[in-house]
Amino acid sequence: EVQLVESGGGLVQAGGSLRLSCAASGFTFDDYAIGWFRQTPGKVREGISGINNSDGTTYYADSVKGRFAISRDNAESTVYLQMNSLIPEDTALYFCAATPALRLTRRSLAAWEYDHWGQGTQVTVSS
C-alpha cells in the first residue's frame, strides 16, 4: 500500500522556521518525483516545490522561492521541506505528493499530475 506521511508542522512566529518531512512507503521511491503542496480553506491547492528523482533537480513556486528548500534522502525514502523566513501567508495545510517521474511534465507542480497524497500537516504562522 502506498503511503505518504507528513510531519513537522506546527505553530511558529513570523520570521521563524520549520522543517517538514514526508516519509514514503509502498512504492519504489527512487522512481518517483515528489512535490509539496499547500491549501487553505476555500482556495485551490497550490504547488510550492518539487524534486526530481534522478538528478535531484528542484523547483519552486515564486511565492516560496528563496525561503524554502526541498531535499530528499532516497536511502530513507523521505523528502524534506525546510521553510525559513515564514510569513502569515504561509499558513496552510501542507501535503506531499508522489508521481512516477517518467510521467511528470518537467518541473510540474500541477496537482492533477500527482498520483499519491499524504494527509497533510498544518502550519500556522502568527504575526
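Not measured: the values here are computed from a predicted model.
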Does [X] share a hydrophobic cluster with [Y], counting links as ILVMFWY side-chain heavy atoms below 4.5 Å and allowing steps through other members?
{"X": "Leu81", "Y": "Val125", "value": "yes"}
{"X": "Leu4", "Y": "Leu104", "value": "no"}
{"X": "Val123", "Y": "Tyr60", "value": "yes"}

[atom1]-[atom2] distance between [X] and [Y], expressed to the nearest 0.5 angstrom:
{"X": "Glu46", "Y": "Thr40", "atom1": "CD", "atom2": "OG1", "value": "8.5 Å"}
{"X": "Ile48", "Y": "Tyr59", "atom1": "CD1", "atom2": "OH", "value": "12.5 Å"}
{"X": "Ile34", "Y": "Ser49", "atom1": "CD1", "atom2": "OG", "value": "11.5 Å"}
{"X": "Ile70", "Y": "Thr57", "atom1": "CD1", "atom2": "OG1", "value": "11.5 Å"}
{"X": "Tyr32", "Y": "Leu102", "atom1": "OH", "atom2": "CG", "value": "10.5 Å"}
{"X": "Thr91", "Y": "Gln122", "atom1": "OG1", "atom2": "CD", "value": "7.5 Å"}

Can you list every pair that meets disulfide (SG to SG under 2.5 Å) and has a residue in residues 29-63, with sequence neighbours left out?
none
All pairs passing disulfide (SG to SG under 2.5 Å) where residues 10-107 contributes a residue, at least two apart
Cys22-Cys96
For the side chain of Asn84 and the backbone of Ser17, is there at least one donor-acceptor N/O pair under 3.5 Å apart?
no
Would a distance-only check, ignoring hydrogens and angles, find a side-chain to backbone donor-acceptor pair under 3.5 Å from Glu113 to Thr105?
yes
If every non-hydrogen atom of [X] is compared with every non-hydrogen atom of [Y], which pair is closest and at what distance?
{"X": "Gly47", "Y": "Ala61", "answer": "O-CB, 3.5 Å"}
{"X": "Lys43", "Y": "Gln39", "answer": "O-NE2, 3.1 Å"}
{"X": "Val64", "Y": "Arg38", "answer": "CG1-NH1, 4.0 Å"}
{"X": "Phe29", "Y": "Thr78", "answer": "CZ-N, 3.7 Å"}
{"X": "Arg72", "Y": "Ala33", "answer": "NH1-CA, 4.2 Å"}
{"X": "Tyr114", "Y": "Gly35", "answer": "CE2-N, 3.6 Å"}

Taking atom CD of Gln119 as the centre, does the number of heavy atoms from other residues, nucleotides or ligands within less than 6.0 Å exceed 12?
no
Would you check, one step at a time, whether the test side-chain contact (heavy atoms from CB on, under 4.5 Å) holds for Leu109 with Trp36?
CA-CA 8 Å; Leu109 289 172; Trp36 281 99; over 6 Å; no
Test of understanding: with salt bridge (Lys or Arg N to Asp or Glu O under 4.0 Å), list the residues that count as partners of Asp55, not counting sequence neighbours.
none
Using the salt bridge (charged side-chain N to carboxylate O under 4.0 Å, His left out) rule, collect all pairs that involve residues 73-85, keeping only residues at least two apart or in two chains.
none
Sorted by first residue and then second, give each salt bridge (charged side-chain N to carboxylate O under 4.0 Å, His left out) pair with at least one member in residues 5-29; sequence neighbours left out.
none
Apply side-chain contact (heavy atoms from CB on, under 4.5 Å) to the pair Arg67 and Asp90, showing each step before the final yes or no.
CA-CA 11 Å; Arg67 300 187 298 122; Asp90 294 320; 2.7 Å; yes
ring-ring contact (aromatic ring centres under 6.0 Å, His included) test vs Phe37 passes for just one of Phe95, Trp117, Trp112, Tyr94, namely Trp117
Looking at residues at least two apart in the chain, or sitting in another chain, which of them share a side chain to side chain donor-acceptor pair (under 3.5 Å) with Asp115?
Arg103
